[in-house]
Amino acid sequence: RPQDQEQTLDLIEPPASVSGPITVEAPDGVGIAATVHSAGQTNVVLVHGWMCDQTYWETQIPALAEGFGVVTVDLAGHGLSGTDRRSWTVDSLGQDAAAVITHLGLTDAIVIGHSMGGRVGLDVARLLPGTVVGVIGVDTLHDADAVWDPEDGCLLDGLDNDFTTTCDGFVRSMFGERADGALIDHIASDMCNGPGEIGAALIRDYVTFDLAAAMRS
């Protein structure tokens, strides 16, 4: 950025007057729930993964809030956000997070996305160039050239036909052998009790998302 622009941005006060839960309207009118945990010149926006919600970041928030503004978001179809949307895509979720960032007037935003949230973060960076200065993936964005295995189509069909059972097996497969059983049960139950039609649609879009193109842009 030009030097004079950097000086101007340095004078912008963070949105300290806004704190706690808020609801922001996405471009298509869906209500997006978010929470402002702290204010800072540099702001981290925490985006959850598929069928999760903003509460999954609760153990990371205190440490991050010591040095940054921290905002958590419930993407549409998740948590406390609305579900009245016709097309469920990663791009539409990117617009959700971008709407929150824009509403709060955040500058120097870093989007931290878990799993599907990493792809959402890349889309937010595309939508808000200059405002989003970084994207950090948590257990995601490992291989930009990875292609979905056609044999995994059974997962897509299973989510369409019996979401709860298929989701339960899918979620449990993500944990290692030494993971706490009670934690696995809690996460599987929480994720798989969400709106199945939304979850299935998002997975179908997820596997067609052009990660390499998103990284280039």
Side-chain angles (χ1 to χ4, degrees), residues 21-35 45-58 71-103 111-124 126-127 135 137-141 148-150 152-175 184-211 214:
I22 61 172
T23 300
V24 175
E25 191 172 286
D28 62 358
V30 176
I32 304 301
T35 305
V45 180
L46 302 176
V47 179
H48 60 78
W50 178 77
M51 303 309 290
C52 302
D53 60 49
Q54 59 181 309
T55 65
Y56 281 56
W57 296 104
E58 61 185 4
V71 178
T72 55
V73 179
D74 279 340
L75 301 171
H78 300 75
L80 299 176
S81 289
T83 60
D84 187 15
R85 174 169 288 169
R86 292 184 178 181
S87 179
W88 292 96
T89 64
V90 172
D91 288 345
S92 71
L93 301 182
Q95 293 179 30
D96 298 339
V100 172
I101 292 172
T102 301
H103 174 80
V111 181
I112 302 177
H114 168 237
S115 191
M116 182 187 70
R119 283 167 160 77
V120 173
L122 292 175
D123 201 62
V124 179
R126 177 186 63 81
L127 292 168
V135 176
V138 178
D139 195 21
T140 188
L141 309 181
W148 184 263
D149 185 349
D152 287 337
C154 60
L155 171 63
L156 303 180
D157 292 339
L159 291 172
D160 284 332
N161 298 323
D162 185 352
F163 180 83
T164 301
T165 301
T166 304
C167 174
D168 184 81
F170 180 47
V171 171
R172 291 177 184 278
S173 71
M174 301 178 189
F175 289 87
I184 296 173
D185 290 342
H186 170 71
I187 297 297
S189 175
D190 185 63
M191 291 176 65
C192 300
N193 282 330
E197 68 282 1
I198 294 175
L202 285 172
I203 285 290
R204 286 194 176 277
D205 187 72
Y206 178 94
V207 302
T208 62
F209 185 86
D210 192 336
L211 182 55

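- Ring-plane geometry between His114 and Trp57 is classed as perpendicular, the angle between the planes exceeding 60 degrees on a 0 to 90 degree scale with a lower cut at 30.
- When each of Ile32, Thr23, Ile22 is checked for a side chain to side chain contact (heavy atoms under 4.5 Å, CB included) with His103, only Ile22 meets the rule.
- Applying the side-chain hydrogen bond (donor to acceptor under 3.5 Å, both in side chains) test to Thr72 and every residue at least two apart in sequence or in another chain returns His37, Gln54.
- Side chain of Asp74 to main chain of Ala33: no donor-acceptor pair is present (N/O by atom type, distance under 3.5 Å, no hydrogens or angles).
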**Request:** Would you please test Asp139 and Met174 for side chain to side chain contact (heavy atoms under 4.5 Å, CB included) and show each step?
**Result:** CA-CA 11 Å; Asp139 195 21; Met174 301 178 189; over 6 Å; no

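- Asn161 places a side-chain N or O within 3.5 Å of a backbone atom of Asp157 that can act as its donor or acceptor partner.
- Between Tyr56 and Met191 the shortest side-chain heavy-atom distance falls below 4.5 Å.
- Taking both residues in full, the closest heavy atoms of Gly118 and Thr140 are given as CA-CG2, 3.8 Å, listed atom of the first, atom of the second, then distance.
- Looking at heavy atoms from C-beta onward, Asp53 lies out of side-chain contact with Leu80 at the 4.5 angstrom threshold.
- Classification of Asp210 and Arg119 as a salt-bridged pair fails, no side-chain N sitting under 4.0 Å from a carboxylate O.
- Heavy-atom minimum distance, Gly94 versus Val124: O-CG2, 3.5 Å.
- Listed here is the closest heavy atom pair of Leu127 and Ala98: CD1-CB, 4.1 Å.
- A 4.5 Å side-chain heavy-atom check between Cys192 and Val171 finds at least one atom pair inside the cut-off.
- Going from atom CG of Leu159 over to atom OG1 of Thr164 covers 10.0 Å, rounded to the nearest 0.5 Å.
- Note that the CG atom of Asn193 and the SG atom of Cys167 stand 8.5 Å from one another [nearest 0.5 Å].
- Phe170 pairs by the ring-ring contact (aromatic ring centres under 6.0 Å, His included) definition with Trp50, not counting sequence neighbours.
- The two residues Ser115 and Gly49 have their closest heavy-atom pair at CB-CA, 4.3 Å.
- Here the straight-line distance linking atom NE2 of His48 with atom OG1 of Thr55 works out to 9.0 Å at 0.5 Å rounding.
- For Arg126, the side-chain hydrogen bond (donor to acceptor under 3.5 Å, both in side chains) partners at least two apart in sequence or on another chain are Asp123.
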**Request:** Please assess Arg85 against Asp96 for the test side chain to side chain contact (heavy atoms under 4.5 Å, CB included), listing each intermediate value before the final yes or no.
**Result:** CA-CA 12 Å; Arg85 174 169 288 169; Asp96 298 339; 2.6 Å; yes

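- In plain terms, the two heavy atoms of Val71 and Ala34 that are nearest each other are CG1-CB, 4.5 Å.
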**Item:** Candidate pair Asp205 and Asp91, rule side chain to side chain contact (heavy atoms under 4.5 Å, CB included), full reasoning
**Value:** CA-CA 9 Å; Asp205 187 72; Asp91 288 345; 5.9 Å; no

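- One distance of note links CG of Leu202 with CZ of Phe209; it measures 12.5 Å at 0.5 Å rounding.
- In terms of heavy atoms, Gln95 sits closest to Pro27 at OE1-CG, 3.6 Å.
- Judged by distance alone, the side chain of His186 and the main-chain N or O of Ile184 form no donor-acceptor pair under 3.5 Å.
- No side-chain heavy atom of His78 sits less than 4.5 Å from a side-chain heavy atom of Pro195.
- Looking at Val45 and Val100, their side chains never come closer than 4.5 Å, going by heavy atoms from C-beta outward.
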**Asked** Stepwise, does the side chain to side chain contact (heavy atoms under 4.5 Å, CB included) test hold for Val47 with Leu93?
**Response** CA-CA 10 Å; Val47 179; Leu93 301 182; over 6 Å; no

**Prompt:** What do the steps show when you test Asp185 against Ser189 for side-chain hydrogen bond (donor to acceptor under 3.5 Å, both in side chains), and what is the final call?
**Reply:** CA-CA 6 Å; Asp185 290 342; Ser189 175; over 6 Å; no

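- Using a 4.0 Å cut-off between charged nitrogen and carboxylate oxygen, Asp160 and Arg204 count as a salt-bridge pair.
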